[in-house]
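The structure under discussion appears below in the form of structure tokens.
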Amino acid sequence: MEDVSFESEISKTFSAQKSNAILLRESTSSQRIQQLEKLGDWIKSHQEDIRKAIHADFKKPYAEIDISEIFTVTSEIKYAIKNLKDWMKPKKVSAPIPLLGTSSYVQFEPKGNALIIAPWNYPFNLAIGPLVSALAAGCTAIIKPSEMTPHASALIRRMVGEIFEPELVAVFEGDVEVSQYLLTKPFDHIFFTGSPAVGKIIMKAAAENLSSVTLELGGKSPAIIDRDIDLQDATSKIIWGKFVNCGQTCIAPDYLLVHEDIIEAFVEALKAELHKMYDPKNKGIENSKDYARIVNEKHLNRINFLLADALTNGAHIAFGGRMIASGNFFEPTIITGVTDSMEVMQEEIFGPILPIVSYSDLDSAIKYVNSKPKPLALYAFSNNQEALDRVFSKTSSGGAVANDCVLHFLHHELPFGGINNSGIGKAHGHHGFLAFSNEKAVLKQRTGITSSKSLFPPYGFAAKKIIQVMLKWF
Ligand SMILES: NC(=O)c1ccc[n+]([C@@H]2O[C@H](COP(=O)([O-])OP(=O)(O)OC[C@H]3O[C@@H](n4cnc5c(N)ncnc54)[C@H](O)[C@@H]3O)[C@@H](O)[C@H]2O)c1
């Protein structure tokens, strides 16, 4: 009987992609654009299938699917198609004086065969966004979607099967076991999106084959709220950024640091915005079609534990706190009286709980942020330019946004990613293309000093003289 274990299927596909990756080194921009167009066309003609699949996984509202799963990918495709020819052009560099007479350029060659491991929270966007960059760079790719969103995962497999030959793009569904087997293979690049804990496992496995990695990780992204703000504007943006996707967003504001002078008014304004967005007719947020669900029971219990632990240790609920186990509903929840010893301030919440911590002066808020691992995103709200500049220059984070949240993800010209605990490497647009490209240094010798061989042994008077001149002047 034929052996059809996932191990043998993976090994077969990996070998086929490895051979194909060598041929793809010579692929032209129009060949790559053709692949990107096929992907874009499929997405355009199957939008309803994408909506249905993701909605089936955690009741994500269609409007949120359109903007955060479909638009994010189609706009990435359009941007890559528009710019690919430029990105692929070798970049000429001028010669330093000792190498005059040579000519040099940077050649962007495809890294080769790539592995893309995706999380569940934006299951389509975070699997297919990196694929766009991989195809633009001329790589092959194996995608491992998350097992926690099975409908989205099956749709991705179907889509890839309908568009691509397996030696260019293939999908392997499954859990940790499949992921770990894939990680034994010597991929040229691994693009992982997920938690810092699993990111460490990926990096260790990559080290075995010295595969390069892009790690798009998570963590606690703070929002610092100055005393001088437009209350309604700031609170509406924070409520949207926090509770879109039911708080399951890597760049959602995890917690707020609010100036003590405005904390009461701020909490009241947050509550008013929550009502306005999710319960304008007082029917209960569980009846809102615009609010997603927690992905599964395990995460529902985890979120509930975080809230229970905070309340036991003295936090207060300012809004929400209700959970309905059937259907994995967890109300948008705001808590105050939070201290650092609570679990909710120690681990990434990744759910709809918004803890609020007060501070008395901006430097103490900055000091607090700097006492934690570097976040994926940092948000600052203030009408005072000097305060914003101070926050951004005294803290370190993967990205930063003033007077809004989450939007930097949509900006193709900005490198998206974290730093250290929140990630390694950058994604999106040209940065995504570079992540999957080897920037090869090419030098062509012509008539330079170095071609005269006067620097070769035996080192005579002339060689020593030239070296002295180089040491002194260049
Ligand atoms: N930086 C970003 O762009 C970004 C985007 C979305 C989510 N995230 C982060 O992802 C996390 C949530 O997603 P998640 O729960 O799916 O993350 P996760 O790390 O648990 O899983 C991500 C992927 O890794 C696989 N995996 C899990 N354990 C593994 C193991 N031991 N060995 C090999 N593979 C393994 C999973 O099957 C899944 O496909 C959060 O921390 C969030 O902040 C980051």
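When a ligand or atom number is given, it counts from 1 through the structure's own listing order.
In Met148, neither the side chain nor the backbone holds a heavy atom less than 4.0 Å from any atom of ligand 1. Within the 4.0 Å heavy-atom criterion, neither part of Thr249 lies near ligand 1. Residue contacts with ligand 1 for Ile251 are absent, since no atom lies close enough (heavy atoms, distance under 4.0 Å). Counting heavy atoms under 4.0 Å from ligand 1, residue Tyr122 does not touch it at all.
Taking the six-membered ring where tryptophan is involved, the planes of Trp87 and Phe433 are tilted, since the angle between them lies from 30° to 60°.
Here the heavy atom of the protein found nearest to atom 38 (C) of ligand 1 is Ala118 O, 3.3 Å. Remark: minimum distance from atom 43 (O) of ligand 1 to any protein heavy atom is reached at Glu348 OE2, 2.6 Å. In terms of protein heavy atoms, atom 24 (O) of ligand 1 is closest to Phe192 CE1, 3.4 Å. In terms of protein heavy-atom proximity, atom 13 (O) of ligand 1 is nearest to Pro119 CB, 3.4 Å. What sits closest to atom 5 (C) of ligand 1 on the protein, heavy atoms only, is Cys250 SG, 3.0 Å. Residue, atom and distance of the protein heavy atom nearest to atom 1 (N) of ligand 1 are Leu217 O, 2.6 Å. Among protein heavy atoms, atom 14 (P) of ligand 1 sits closest to Trp120 NE1, 3.4 Å. Here the protein heavy atom with the shortest distance to atom 34 (N) of ligand 1 is Ser179 OG, 2.7 Å.
Take His189 and apply the ring pair (Phe, Tyr, Trp, His ring centres under 6.0 Å) test, not counting sequence neighbours, and it matches Phe436.
Within the 6.0 Å centre-distance limit, the rings of His259 and Tyr359 are counted as a close aromatic pair. Tyr79 has its ring centre no less than 6.0 Å from the ring centre of His428. Centroid-to-centroid, the aromatic rings of Phe172 and Phe6 stay 6.0 Å apart or farther.
Between Gly194 and ligand 1, a contact under 3.5 Å exists for at least one N or O pair. Residue His299 places no N or O, backbone or side chain, under 3.5 Å from any N or O of ligand 1. Between Lys144 and ligand 1, at least one N/O pair is under 3.5 Å apart.
Between the side chains of Thr193 and Tyr122, no donor-acceptor pair of N or O atoms lies under 3.5 Å.
Using a 4.0 Å cut-off to heavy atoms of Ile201, the atoms of ligand 1 that qualify are 31 (N), 32 (N). Taking every non-hydrogen atom of Thr193 and a distance limit under 4.0 Å, the qualifying atoms of ligand 1 come out as 2 (C), 3 (O), 4 (C), 5 (C), 6 (C), 22 (C), 44 (C). For ligand 1, the atoms lying closer than 4.0 Å to a non-hydrogen atom of Phe350 are 12 (C), 40 (C), 42 (C), 43 (O).
Residue pairs meeting the salt bridge (Lys or Arg N to Asp or Glu O under 4.0 Å) criterion with at least one partner in residues 184-211, sequence neighbours excluded, are Lys18-Asp188.
At a threshold of 4.0 Å, the pair Lys89-Asp86 counts as salt-bridged, since one of the basic side-chain nitrogens sits closer than that to a carboxylate oxygen. One finds no salt bridge joining Lys242 and Asp254 here, because no Lys/Arg side-chain nitrogen approaches an Asp/Glu carboxylate oxygen to under 4.0 Å. A salt bridge is defined here as a Lys NZ or Arg NE, NH1 or NH2 lying under 4.0 Å from an Asp or Glu carboxylate O, and Arg25 with Glu109 fails to meet this definition. Ion pairing of Glu347 with Arg302 is present here, as a side-chain N (NZ or NE/NH1/NH2) and a carboxylate O approach within less than 4.0 Å.
Not a single donor-acceptor pair under 3.5 Å links the side chain of Lys111 to the backbone N or O of Gly138.
When the heavy-atom distances from atom 27 (C) of ligand 1 to Val198, Ile202, Asn245 are ranked, the shortest goes to Val198.
Ligand 1 lies nowhere less than 4.0 angstrom from a heavy atom belonging to Gly418. Residue Phe409 places no heavy atom under 4.0 Å from ligand 1.
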